[in-house]
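Written below as structure tokens is the structure these notes are about.
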Number of protein chains: 2
Amino acid sequence: MSIFASKIKTMTLTQRINPEKLEHAASMLRVLSHPVRLAIVDLLFTNGPLSVQEIQEKLGLEQAIASQHLILMKDKGVLSSVKEGRCHYFSLLYPNMKNIIHCLEECCNA
Amino acid sequence: MSIFASKIKTMTLTQRINPEKLEHAASMLRVLSHPVRLAIVDLLFTNGPLSVQEIQEKLGLEQAIASQHLILMKDKGVLSSVKEGRCHYFSLLYPNMKNIIHCLEECCNA
DNA sequence: TAAATACATAGAAATATGTCTATATTTGCA
DNA sequence: TGCAAATATAGACATATTTCTATGTATTTA
């Protein structure tokens, strides 16, 4: 049952779903609301799992910056990671996440 | 031409589009990344143009809080408003914006 | 004109976010 | 074992966000 689907139009989002879920939804969007993180989503959607170093190089980021954004994205449930040797490979937990970006451009010519 | 559509897979988002557009896209998401503002999008999508007072009452917000969020959303290009007498009616500039929320739940069971 | 209604805004304070530098941790390899 | 590679983390700092209280502005109505 979707948290956003409403049967009773007079009920607000806040009334229909619990605050935790609403905050979580907002949190997911907040993760995407950064140029670097949008670029990471795009990169991983196109290229599949990549190590921190690969992401760092392809996007021209400092090591710490790349790591910090990636860990944040993982903590917030946007990315997953697997460890192979000393490399950590990150990938999109939900590749459909890219659709949000697609929606965004459809909505407002971003 | 979509800013996110890539013909050359080796080009990153940052390389394909200009930083201003990327920042604008991130900015649009940042506007949505707040529980109250998600609730406002939902409310206006369902109920059409509403005055500040109506929004305030339906969502149980303080007057200043409602006004601040609404003005922010307008400034960032998410809402439009018309003034009738002393009421300011706000509505979604792009009703499709709701789709982003729909995508969000599809992506990650938000 | 005075009061009330509907909003907006300013300023302060708390919290969150983003970046940078430096350092720590883990793992692979000579 | 000792060094290098890959990544994570800590701490400091600047900036942004959010909320709150109070006040200002525009408009309607008595």
Side-chain angles (χ1 to χ4, degrees), chain A residues 13-14 19-20 22-41 43-44 47 49-91, chain B residues 13-14 19-20 22-41 43-44 47 49-91:
Chain A
L13 193 56
T14 322
E20 290 74 24
L22 185 57
E23 176 51 53
H24 179 247
S27 162
M28 297 293 283
L29 287 174
R30 203 174 305 129
V31 174
L32 299 184
S33 70
H34 188 285
V36 166
R37 297 196 290 263
L38 278 179
I40 289 173
V41 169
L43 184 67
L44 293 178
N47 296 51
L50 295 175
S51 69
V52 177
Q53 197 192 24
E54 290 170 319
I55 293 167
Q56 175 184 337
E57 286 172 356
K58 287 184 189 267
L59 299 182
L61 304 172
E62 293 293 316
Q63 185 271 318
I65 295 289
S67 179
Q68 285 159 355
H69 281 296
L70 290 166
I71 288 170
L72 174 69
M73 293 171 85
K74 184 182 175 184
D75 285 349
K76 297 297 184 178
V78 173
L79 302 183
S80 63
S81 74
V82 293
K83 198 171 169 183
E84 285 182 19
R86 37 187 180 189
C87 289
H88 289 197
Y89 290 92
F90 285 85
S91 53
Chain B
L13 193 57
T14 321
E20 289 75 22
L22 186 56
E23 175 52 53
H24 178 248
S27 163
M28 297 293 284
L29 287 173
R30 203 173 306 129
V31 175
L32 299 184
S33 70
H34 188 286
V36 167
R37 296 195 291 263
L38 280 178
I40 289 173
V41 169
L43 183 66
L44 293 179
N47 296 51
L50 294 175
S51 69
V52 177
Q53 197 193 23
E54 288 170 321
I55 293 167
Q56 175 184 336
E57 284 172 357
K58 286 185 189 267
L59 299 181
L61 303 173
E62 293 293 317
Q63 185 270 319
I65 295 289
S67 179
Q68 284 159 357
H69 282 297
L70 290 167
I71 288 169
L72 174 69
M73 294 170 84
K74 185 182 175 184
D75 285 348
K76 297 297 186 178
V78 173
L79 302 183
S80 62
S81 73
V82 292
K83 195 172 171 183
E84 285 182 20
R86 41 188 177 192
C87 289
H88 289 197
Y89 290 93
F90 284 85
S91 53

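So that the names make sense, note that chain A is the first sequence line, chain B the second, and so on, each numbered from 1.
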Taking only residues two or more places apart in sequence, or in another chain, which ones meet A:His34 in a ring-ring contact (aromatic ring centres under 6.0 Å, His included)? A:His69
Compare every heavy atom of B:Phe90 with every heavy atom of B:Val52, then report the nearest pair and how far apart it is. CG2-CE1, 3.6 Å
Listed pairs, N/O of protein and of nucleotides 7-14 of chain D, under 3.5 Å:
{"residue": "D:dT7", "atom": "OP1", "partner": "A:Val52", "partner atom": "N", "Å": "3.2"}
{"residue": "D:dT7", "atom": "OP1", "partner": "A:His88", "partner atom": "N", "Å": "3.3"}
{"residue": "D:dT7", "atom": "OP2", "partner": "A:Gln53", "partner atom": "N", "Å": "2.7"}
{"residue": "D:dT7", "atom": "O3'", "partner": "A:His88", "partner atom": "ND1", "Å": "3.2"}
{"residue": "D:dA8", "atom": "OP1", "partner": "A:His88", "partner atom": "ND1", "Å": "2.9"}
{"residue": "D:dA8", "atom": "OP2", "partner": "A:Ser67", "partner atom": "OG", "Å": "2.8"}
{"residue": "D:dA8", "atom": "N7", "partner": "A:Gln63", "partner atom": "NE2", "Å": "3.0"}
{"residue": "D:dA8", "atom": "N6", "partner": "A:Gln63", "partner atom": "OE1", "Å": "3.0"}
{"residue": "D:dA10", "atom": "N6", "partner": "A:Gln68", "partner atom": "NE2", "Å": "3.4"}

Outer limits of DNA chain C sitting under 4.0 Å from a non-hydrogen atom of chain B, read 5' to 3', are C:dA4 to C:dA10
Distance below 4.0 Å between B:Lys83 side-chain N/O and D:dT27 OP1 or OP2: yes
Provide the full list of salt bridge (Lys or Arg N to Asp or Glu O under 4.0 Å) pairs with a residue in residues 26-38 of chain A, sequence neighbours left out, each pair given once. A:Glu23-A:Arg30
Looking at B:Ala26 and A:Ser33, what are the two nearest heavy atoms and their distance? O-CB, 3.4 Å
Axial bend angle, the helix from C:dT1-D:dA30 to C:dA30-D:dT1: five-pair end segments, nearest 10°: 10°
With sequence neighbours left out, the residues meeting side chain to side chain contact (heavy atoms under 4.5 Å, CB included) with A:Ile71 are A:Ser67, A:Asp75
Give B:Lys74 one of three labels, base, sugar-phosphate or nothing, depending on what nucleic acid heavy atoms sit under 4.0 Å from its own. nothing
Given side chains that start at C-beta, do those of B:Lys58 and B:Asn47 come closer than 4.5 Å, heavy atoms only? yes
So which one's nearest nucleotide on DNA chain D is more toward 5', B:Glu84 or B:Arg30? B:Arg30
May I have the distance from B:Leu61 (atom CG) to D:dT18 (atom P), rounded to whole angstrom? 14 Å
Which atom pair, heavy atoms only, marks the closest approach of A:Leu32 to A:Leu38? O-CG, 3.2 Å
Without decimals, in angstroms, what is the distance between B:Ile65 CD1 and D:dT18 P? 10 Å
Are any of the side-chain heavy atoms of A:Tyr89 and A:Ser91 separated by less than 4.5 Å? no
Answer whether the closest heavy-atom distance between the side chains of A:Leu43 and B:Leu13 falls below 4.5 Å. no
So do the side chains of A:Val41 and A:Met73 get within less than 4.5 Å of each other, counting heavy atoms only? yes
Map A:Arg37 and A:Gly85 onto DNA chain C by nearest heavy atom, then report which one ends up closer to the 5' terminus. A:Arg37
Whole-Å distance separating the CG atom of B:Asp75 from the P atom of D:dT17: 12 Å
Residue pair A:Met28 / A:His24, side-chain heavy-atom distance below 4.5 Å: yes
In whole angstroms, the gap separating C1' of D:dT18 from CG of B:Leu72 amounts to 10 Å
